[in-house]
Amino acid sequence: MHNKSVAELSRQLEGGKISSVELTREFLDRIKAEDSQYNSFITITEDQAMADAKAADEQRAAGNASPWTGVPFAHKDIFCTNGVTTTAGSKMLANFVPPYDATVAANFRTAGAVCLGKTNMDEFAMGSSNESSFYGPVTNPWGLSGSGKRVPGGSSGGSAAAVAARLVPAATATDTGGSIRQPAALCGITGLKPTYGRVSRYGMIAFASSLDQGGTMARTAEDNALMLNIMAGFDPKDSTSADRAVPDYTATLNEPLKGLRIGLPKEYFSDQLSPAMEEQVRNAVREYEKLGATVKEVSLPHANLAIAAYYVIAPAEASANLSRFDGVRYGYRCEDPQDLSDLYTRTRAEGFGSEVKRRILVGTYALSAGYFDAYYLKAQKVRRLIQQDFINAFKDVDVLMSPVSPSPAFVQGEKTSDPVTMYLEDIFTIAVNLAGVPAMSVPAGFVDGLPVGLQIIGNYFDEARLLNTAHQFQQVTDWHQKLPQ
Ligand code: GLN
């Protein structure tokens with residue numbers, strides 16, 4: 001059962017071939033038996049999951065089921081879940097039990113899906129390797145042995161590793177600068193970052209509010225479509241959510257790709273990309289040509305400024321968002337504070353890890369009087385130019401294709417001593433967030449036995465086309481079906 005997709009499990013439940021109680025038991029047993037190797041879960045909600053599975057079976061018996069009724073999945077531990085600890089990978093929130101559901105969590109609950117637990121992540125979603133989590137690093141199921149354990153990517157490394165190891169068929173994730181696409185690529189699964197505003201941010205612990213976007217991770221594009229069907233939509237509780245109709249993302253998966261216009265941004269096929277990685281990406285593009293697509297080179301002339309702009313804007317917003325963790329209202333509080341200043345200082349010194357502190361310091365500096373114009377304002381201007389690059393590119397093509405990351409999964413500890421090396425992991429993903437367009441990572445081959453992802457970038461609110469483009473590729477290739485040993 002654990003090798004089946006969400007779509008297949010849903011059909012089996014519908015046909016009465018299996019019950020949600022049996023299915024949930026099987027996945028929970030797998031998590032308990034195997035996750036010590038990966039550390040992909042922070043919290044396992046066994047009792048609640050079994051109760052939800054029983055309720056789902058009753059709902060199916062009563063004849064009012066959704067495709068998700070009784071299907072197990074997991075939430076990245078950044079989505080608030082009513083009554084279930086939500087840590088964002090931080091010591092600061094180790095004892096935080098939200099009294100409400102994020103809209104995304106409520107959506108899965110309403111659909112009748114069964115949440116098995118909360119997945120590990122970089123602290124406050126800051127990182128590209130899942131090594132900044134207070135709850136320990138996650139290991140990539142493709143990199144358990146050999147020359148050292150490998151990272152699953154980050155920040156949604158727990159969700160990606162859990163799906164790759166088939167501990168859950170699907171998991172939610174978030175992407176501020178690459179945190180869905182890069183871990184999906186490194187773990188050999190399929191992930192989608194929707195257009196900014198497509199999925200509500202209500203109850204999703206904030207990192208950089210103008211960039212944060214919730215999205216999907218599963219083994220197939222079809223399953224990502226099933227997830228987005230219940231996650232997307234306007235939410236009056238999130239003023240940045242888009243008030244637009246939500247199509248049925250599964251309805252267009254089978255459209256033929258003949259005539260699809262693909263653009264290859266020349267800046268993304270640069271020296272930073274290893275020749276072996278480039279070969280896999282180019283092979284994937286050739287598959288699309290066989291399906292009737294046309295390919296041309298395009299340019300995103302400001303792409304090389306994306307990392308610099310992001311590492312001003314994201315820390316600036318983070319420094320504001322994280323000021324709420326002060327030891328007064330909720331979350332961690334230091335022992336025996338002497339006075340208010342001591343309370344703030346020690347709570348934040350003890351509660352945050354070093355990468356989070358680095359971002360708060362950088363962001364506070366960039367926003368301070370005298371530096372605001374030189375850094376924050378300048379970065380916002382660069383952001384506008386990057387946005388315009390994408391608008392221009394989409395005048396001539398339907399989708400852009402590129403690598404997701406410059407190299408496959410690296411060994412744990414390899415990049416932790418130099419933050420800039422770590423930041424460069426997102427060199428091909430970050431511009432997408434600054435522009436706000438949607439993008440996917442689709443399994444497209446292997447280098448040295450490790451998965452490689454193809455990035456497919458779409459125009460604003462063109463998720464249906466992205467999913468169609470990815471699904472058609474998965475009908476003629478089997479990279480997404482390869483399993484780690
Ligand atoms: N790796 C990037 C960062 O550390 C992106 C993280 C994310 O998308 N949440 O900021």
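All values reported here derive from a predicted model rather than from experimental measurement. Scope of the values below: all heavy atoms of this structure, side chains included, with no hydrogens, waters or symmetry mates.
Under the 6.0 Å distance and 45° angle rule, Arg282 counts as a cation-pi partner of Phe269. Both tests do not hold together for Lys482 against Phe446: distance to the six-membered ring centre under 6.0 Å, angle to the ring axis within 45°.
Between Thr85 and Lys118, the side chains place no donor N or O within less than 3.5 Å of an acceptor N or O (distance only, hydrogens not considered). Judged purely by distance below 3.5 Å, without hydrogens or angles, the side chains of Gln412 and Thr139 pair a donor atom with an acceptor atom. Defined by atom type and a distance below 3.5 Å, a donor-acceptor pair is present between the side-chain atoms of Ser132 and Asp122. Side chain to side chain, Ser209 and Glu317 fail the donor-acceptor criterion of an N or O pair below 3.5 Å. Side-chain contact annotation: Thr176 with Asp212, donor-acceptor N/O pair under 3.5 Å present. Glu425 and Ser129 share no side-chain donor-acceptor pair at under 3.5 Å. A donor-acceptor contact under 3.5 angstrom links the side chains of Asn283 and Arg286, judged on distance only.
Here the straight-line distance linking atom OG1 of Thr174 with atom CE of Met217 works out to 8.5 Å at 0.5 Å rounding. Between the CG atom of Leu167 and the NZ atom of Lys32 there is a distance of 13.0 Å, given to the nearest 0.5 Å. Between Asp398 atom CG and Ile457 atom CD1 the span is 13.5 Å, to the nearest 0.5 Å. The CG atom of Asp462 sits 12.0 Å away from atom CD1 of Ile456, with the distance rounded to the nearest 0.5 Å. The structure places CG of Asn95 at 11.5 Å from OG1 of Thr86, a figure rounded to the nearest 0.5 Å. One finds the CG atom of Leu264 at 8.0 Å from the CE atom of Met401 (value rounded to the nearest 0.5 Å).
Taking the ring centroids of Phe325 and Phe124, they lie under the 6.0 Å cut-off.
Side-chain atoms of Tyr38 and Asn120, non-hydrogen and from C-beta on, never get closer than 4.5 Å to each other. In this structure, the side chains of Met204 and Val104 stay at 4.5 Å or more apart for every pair of heavy atoms. Contact of the Glu355 side chain with the Glu123 side chain is not registered, since no non-hydrogen atoms from C-beta on lie closer than 4.5 Å.
Ser155 places no side-chain N or O within 3.5 Å of a backbone atom of Met126 that could act as its donor or acceptor partner. Side-chain N or O atoms of Thr87 include none that pairs as donor or acceptor with a backbone N or O of Leu93 at under 3.5 Å. The main-chain N or O of Ile230 is found under 3.5 Å from a side-chain atom of Asn107 such that the two form a donor-acceptor pair. Ser66 places a side-chain N or O within donor-acceptor distance of the main-chain N or O of Ala111, the cut-off being under 3.5 Å. Of the possible polar contacts, none joining the Asp238 side chain to the Ser200 backbone as a donor-acceptor pair under 3.5 Å is found. A side-chain donor-acceptor contact under 3.5 Å links Thr45 to the backbone of Cys115. Side-chain N or O atoms of Thr220 include one that pairs as donor or acceptor with a backbone N or O of Asp223 at under 3.5 Å. With hydrogens and angles disregarded, no donor-acceptor distance shorter than 3.5 Å links the side chain of Asn130 to the backbone of Gly154. The closest donor-acceptor contact from the side chain of Asp235 to the backbone of Tyr202 lies at 3.5 Å or more, if one exists at all. Of the possible polar contacts, one joining the Ser20 side chain to the Gly70 backbone as a donor-acceptor pair under 3.5 Å is found.
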**Prompt:** side-chain hydrogen bond (donor to acceptor under 3.5 Å, both in side chains) between Thr190 and Gln474: does it pass, once the steps are laid out?
**Reply:** CA-CA 10 Å; Thr190 307; Gln474 295 186 338; 3.0 Å; yes
**Derivation and outcome, side chain to side chain contact (heavy atoms under 4.5 Å, CB included), residues Leu434 and Leu211** = CA-CA 7 Å; Leu434 291 168; Leu211 299 159; 3.9 Å; yes
**Message:** One pair to check against side-chain hydrogen bond (donor to acceptor under 3.5 Å, both in side chains): Asp77 and Thr43. What are the steps and the verdict?
**Reply:** CA-CA 8 Å; Asp77 207 19; Thr43 303; 4.8 Å; no
**Prompt:** Under the side chain to side chain contact (heavy atoms under 4.5 Å, CB included) criterion, do Phe390 and Leu400 qualify, and how do the steps go?
**Reply:** CA-CA 9 Å; Phe390 282 93; Leu400 302 171; 3.8 Å; yes
**Message:** Assess the residue pair Val168 and Val163 against the criterion (side chain to side chain contact (heavy atoms under 4.5 Å, CB included)); give the C-alpha distance rounded to whole Å, side-chain angles, the decisive distance to 0.1 Å, and a yes or no.
**Reply:** CA-CA 5 Å; Val168 279; Val163 170; 4.1 Å; yes
**Message:** As a quick check of understanding, evaluate side chain to side chain contact (heavy atoms under 4.5 Å, CB included) for Arg324 and Tyr330, giving each step before the final call.
**Reply:** CA-CA 9 Å; Arg324 74 191 63 168; Tyr330 62 105; 3.3 Å; yes
**Glu255 and Thr252: CA distance, side-chain angles, deciding distance, side-chain hydrogen bond (donor to acceptor under 3.5 Å, both in side chains) verdict** = CA-CA 6 Å; Glu255 297 286 318; Thr252 42; over 6 Å; no
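Checking each of Lys76, Arg181, Lys193 against Asp175 for a salt bridge (charged side-chain N to carboxylate O under 4.0 Å, His left out) leaves exactly one that passes, namely Arg181.
Taking the six-membered ring where the residue is Trp, Phe79 and His75 present tilted rings, their angle falling between 30° and 60°. In this structure, Tyr310 and Phe207 have perpendicular ring planes: the angle between them is above 60°, well past the 30° mark.
Smallest separation of non-hydrogen atoms from Leu300 and Ala393: CD2-CB, 4.2 Å. Taking all atoms of both residues into account, the shortest heavy-atom contact from Gly83 to Val97 is C-CG1, 3.4 Å. Closest approach of Phe27 to Pro72, counting heavy atoms only: CD1-CG, 3.7 Å. Scanning both residues, Ala470 and Val442, for their nearest heavy atoms gives CB-CG2, 3.7 Å. The minimum heavy-atom distance between Trp68 and Val6, with the atom names listed, is CH2-CG1, 3.7 Å. Taking each heavy atom of Pro443 and Gly188 in turn, the nearest pair found is CG-O, 3.5 Å.
Glu463 has no carboxylate O lying under 4.0 Å from a charged side-chain N of Arg198, or vice versa, which leaves the two without a salt bridge. Ion pairing of Lys290 with Glu287 is present here, as a side-chain N (NZ or NE/NH1/NH2) and a carboxylate O approach within less than 4.0 Å. A salt bridge links Glu58 to Lys54: at least one charged side-chain nitrogen sits closer than 4.0 Å to a carboxylate oxygen.
By the neighbour-count criterion of 12 heavy atoms within 6.0 Å, atom NZ of Lys91 is densely surrounded, having more than that number from other residues, nucleotides or ligands.
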